[in-house]
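Everything below concerns the one structure shown next.
Note that this is a predicted model, so its numbers are computed, not measured. Atom set for the values below is all heavy atoms of this structure, side chains included, hydrogens, waters and symmetry mates excluded.
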Protein chains: 2
Amino acid sequence: MTPQSQTVRIDLGDRSYPIVIASDLIEAPATFAHCPPAAQAVIVTNDTVQPLYAQRLQAALAPKYAKVHTVVLPDGEAHKDWQTLNMIFDGLLANGCDRKTVLFALGGGVIGDMTGFAAASYMRGVPFVQVPTTLLSQVDSSVGGKTAINHPLGKNMIGAFYQPQLVVCDLASLDTLPDREVSAGLAEIIKYGPIADMAFFEWLEAHMDALRQRDRQALLHAVQRSVEIKAWVVGQDEKEAGLRAILNFGHTFGHAIEAGMGYGNWLHGEGVGAGMVMAAHLSLQLGLVDAHLVARLTRLIERAGLPTRGAVLDAKDNAGAYLQHMRVDKKAEAGEIRFVLIDGPGKAIMRSAPDYLVRQVIDICCAQGVGIQTA
Amino acid sequence: MTPQSQTVRIDLGDRSYPIVIASDLIEAPATFAHCPPAAQAVIVTNDTVQPLYAQRLQAALAPKYAKVHTVVLPDGEAHKDWQTLNMIFDGLLANGCDRKTVLFALGGGVIGDMTGFAAASYMRGVPFVQVPTTLLSQVDSSVGGKTAINHPLGKNMIGAFYQPQLVVCDLASLDTLPDREVSAGLAEIIKYGPIADMAFFEWLEAHMDALRQRDRQALLHAVQRSVEIKAWVVGQDEKEAGLRAILNFGHTFGHAIEAGMGYGNWLHGEGVGAGMVMAAHLSLQLGLVDAHLVARLTRLIERAGLPTRGAVLDAKDNAGAYLQHMRVDKKAEAGEIRFVLIDGPGKAIMRSAPDYLVRQVIDICCAQGVGIQTA
């Protein structure tokens, strides 16, 4: 008999909090019993998730909060900007929300990141709760307190480290997720293998089909193990002074694809999928891993329904376009790009790489018809 | 022989930092010797201060930072908004600034608050240094880590608690300050008396003329004592869970005046001047202080060149207009206004007050021809 519910704790002193993983949590008032008391609560969601879950969450919060308001934002990464963030502030101020008001982020990574940054900034900080309804946000963005909005010149450039009070991962909410977004979430699950836990990587190889079919037991384990690894990393390096950057495996190339294609064209997880293949190839070029591992990773990413090739950002100088985007990555220092690479199975390192090698990898991984799927 | 330089330390564990007070600090490279190392530094200033001090600061920073950029914002509280804040982000990203880039806030409270919030949010946090060039920002806003921008529905509604690395109070920079702004700064100095230190209040009564004439020795003492009191309060309650709110003496009424008149028409210190008189009157009505103290405070505010009467915000229902603005104050809870009042000389308390009493105080303190200057 497998347990139906798991709780993982993020250990950050007085900013510690639990992540609860189970089915049918959103509509249960007991889920929110230990949330901070206040006169008002505000659900922040988007126009896709609102008709599915907002009323259920509102009903679950009603016993605890005298007033529960809902702010509905337009859906999508393209709206992760100041203008949309300001819709949250407008809603809070129009309803006379004070410094104790609790915000509830109901939706995917964009909603979580924006609601978190709004909570960090409204009156210099109000409490908030993450209720992630996508696989990607359950296993990654809702955990660890990174909040942000995009700037036209770079993704997640404006934000804060600000921890939630609670994270509620309702596996039932994944039933309504489009297949494409399940695949995007699997990208962030897969990344934990090569950087931290090859046993989990093997488990993923064995259970990829079950995960894509949304088997609840498989999802429970995948979310739990992902969150455990993330909690372990964040507990040691909350503000990304060092170790935490390994969670960005695949993200340096992935962000370049997202930015170069225009936010919202590629899903974040799709960029990470192709980005992990590129980062694995760069690791191979630097002699850190063998071709077999690159092939296994590439095959698992493909089986997750994700792209394994980078987009062509510029027909004339594609590598140049990637490099330009990657130099404004937050991990870059004085213009030098810091890559998260695999240093043997299950271990990540941060390092720079010569431009000519990076260009070579981009040429290989973005060109048509060059096989990288087989060892 | 009086010392020519003072250093006050803010004690906040690993977020501790010194406040240096002396003349001719801006142009001295030694002032910035212990600032965090980085490839780039960015001076954020406004179009009034830039021609006066930006080149000197740039020259002082040049030995330490390979590149020193300057971002010039339009001057004034009316520009303390997202649009202007975004000019800082644009400048940082256009110059490829990374997570180690150090920001220098060169100007008054608006520049300090905006640069601080930009530093808190850029890439989720970069180091910054306060170089306040107004009396108000030297004695109050540059110290303690409150950063924010305004929202059309409320002052300082969007921001962060984010501490600087260093505060540099150059008394020589006060030479170029208009008289009106010296008076505005004196409001924040005066407030420390009734809430914390009546000996300092008496010293101010004796030295008000010297301060208005910008006597350097008098200024050195006034800035030092103000910053000491603020450091003591902030050291105990960084995030305003309780005690720190006493520093907002006069601000609840003052913010209502600023918001009601449109930001930038009354200077912040002018609103605080009239606001302190109103808060003192409310303290009197509640039986907390005697009329003599109210009269002394009112006279000192008048001698500082500040208004002692509130503005009329609405000819029909002036008290109603004040109350409406005060209910969105950050100290309000569930719509109840929390006033900072004087509970006997040198001691502040936070409490609510019946609406009818507050209305009475507003009527008395805003009406024409009603004397409140004599005991």
Side-chain angles (χ1 to χ4, degrees), chain A residues 38-40 66-67 81-83 85-86 88-101 116-118 120-126 145-162 238-241 245 324 327-338, chain B residues 38-40 66-67 81-83 85-86 88-101 116-118 120-126 145-162 238-241 245 324 327-338:
Chain A
Q40 301 194 70
K67 286 187 194 169
D81 56 14
W82 172 262
Q83 201 181 353
L85 183 73
N86 211 33
I88 306 177
F89 296 131
D90 289 345
L92 292 169
L93 283 161
N95 288 300
C97 292
D98 61 24
R99 281 199 284 206
K100 299 204 160 170
T101 301
F117 188 42
S121 308
Y122 184 65
M123 294 191 174
R124 300 196 187 94
V126 295
K146 275 196 184 178
T147 74
I149 57 173
N150 297 330
H151 183 282
L153 294 178
K155 191 172 154 73
N156 293 330
M157 281 294 160
I158 300 160
F161 289 99
Y162 194 72
E238 182 182 6
K239 298 201 172 165
E240 199 165 313
Q324 200 181 332
R327 283 194 217 290
V328 295
D329 187 273
K330 288 191 292 304
K331 294 185 295 303
E333 268 180 32
E336 187 181 83
I337 307 161
R338 308 279 296 163
Chain B
Q40 301 194 71
K67 285 187 193 168
D81 56 13
W82 173 262
Q83 201 180 355
L85 183 73
N86 210 32
I88 306 177
F89 296 131
D90 289 345
L92 292 169
L93 284 162
N95 287 301
C97 292
D98 62 26
R99 282 199 285 208
K100 299 204 160 174
T101 301
F117 188 42
S121 308
Y122 184 66
M123 294 190 174
R124 300 194 187 96
V126 295
K146 276 196 183 178
T147 74
I149 57 173
N150 297 330
H151 183 281
L153 294 177
K155 192 171 152 73
N156 294 331
M157 281 295 161
I158 300 160
F161 289 99
Y162 194 72
E238 182 183 5
K239 296 199 175 167
E240 199 165 310
Q324 199 181 334
R327 283 195 216 291
V328 295
D329 187 272
K330 288 191 293 303
K331 293 185 295 303
E333 268 180 31
E336 187 181 82
I337 307 162
R338 307 278 297 164

Next item on the list: For A/E238, look at atom CD and say whether over 12 heavy atoms of other residues, nucleotides or ligands are found less than 6.0 Å away.
Entry: yes
Check: Given the rule in the side-chain contact (heavy atoms from CB on, under 4.5 Å) test, do B/E333 and A/R99 qualify, once you have shown the distances and angles that lead to the verdict?
Finding: CA-CA 7 Å; B/E333 268 180 31; A/R99 281 199 284 206; over 6 Å; no
Check: Mind checking whether B/H151 and A/F89 have parallel, tilted or perpendicular rings, split at 30° and 60°?
Finding: perpendicular
Checklist line | Atom pair CG/CG of B/D81 and A/N86 - distance to nearest 0.5 Å | finding: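 Output value for this atom pair is 10.5 Å.
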Note to self: Working to the nearest 0.5 angstrom, can you tell me the gap between A/I158 CD1 and B/L85 CG?
What the structure shows: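 Result: 7.5 Å between the selected atoms.
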Note to self: Run the side-chain contact (heavy atoms from CB on, under 4.5 Å) test on A/L92 and B/M157 for me, step by step, so that the C-alpha distance in whole Å, both residues' side-chain angles and the decisive distance to 0.1 Å come before the verdict.
What the structure shows: CA-CA 10 Å; A/L92 292 169; B/M157 281 295 161; over 6 Å; no
Checklist line | Top contributor to chain A interface from B/L153, B/L93, B/I149 [non-hydrogen pairs under 4.5 Å] | finding: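 Highest number of heavy-atom pairs under 4.5 Å: B/L93.
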Notebook entry, point to check: Which one, B/F161, B/Y122, B/W82, leads in non-hydrogen pairs under 4.5 Å with chain A?
Noted result: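 Counting heavy-atom pairs under 4.5 Å, the top option is B/W82.
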Item checked: Polar side-chain atom of A/R124 near backbone of B/T147 as donor-acceptor pair, under 3.5 Å -> yes
Checklist line | Proximal component of B/K146, with respect to chain A [non-hydrogen, under 4.5 Å] | finding: both
Next item on the list: Using non-hydrogen atoms and a 4.5 Å limit, figure out which bit of B/Y162 sits close to chain A: side chain, backbone, both or neither.
Entry: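 For B/Y162, no heavy atom lies under 4.5 Å from chain A.
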Check: Among A/M123, A/Q40, A/K100, A/E240, who wins on heavy-atom pairs under 4.5 Å with chain B?
Finding: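 Max contact count across the listed options: A/M123.
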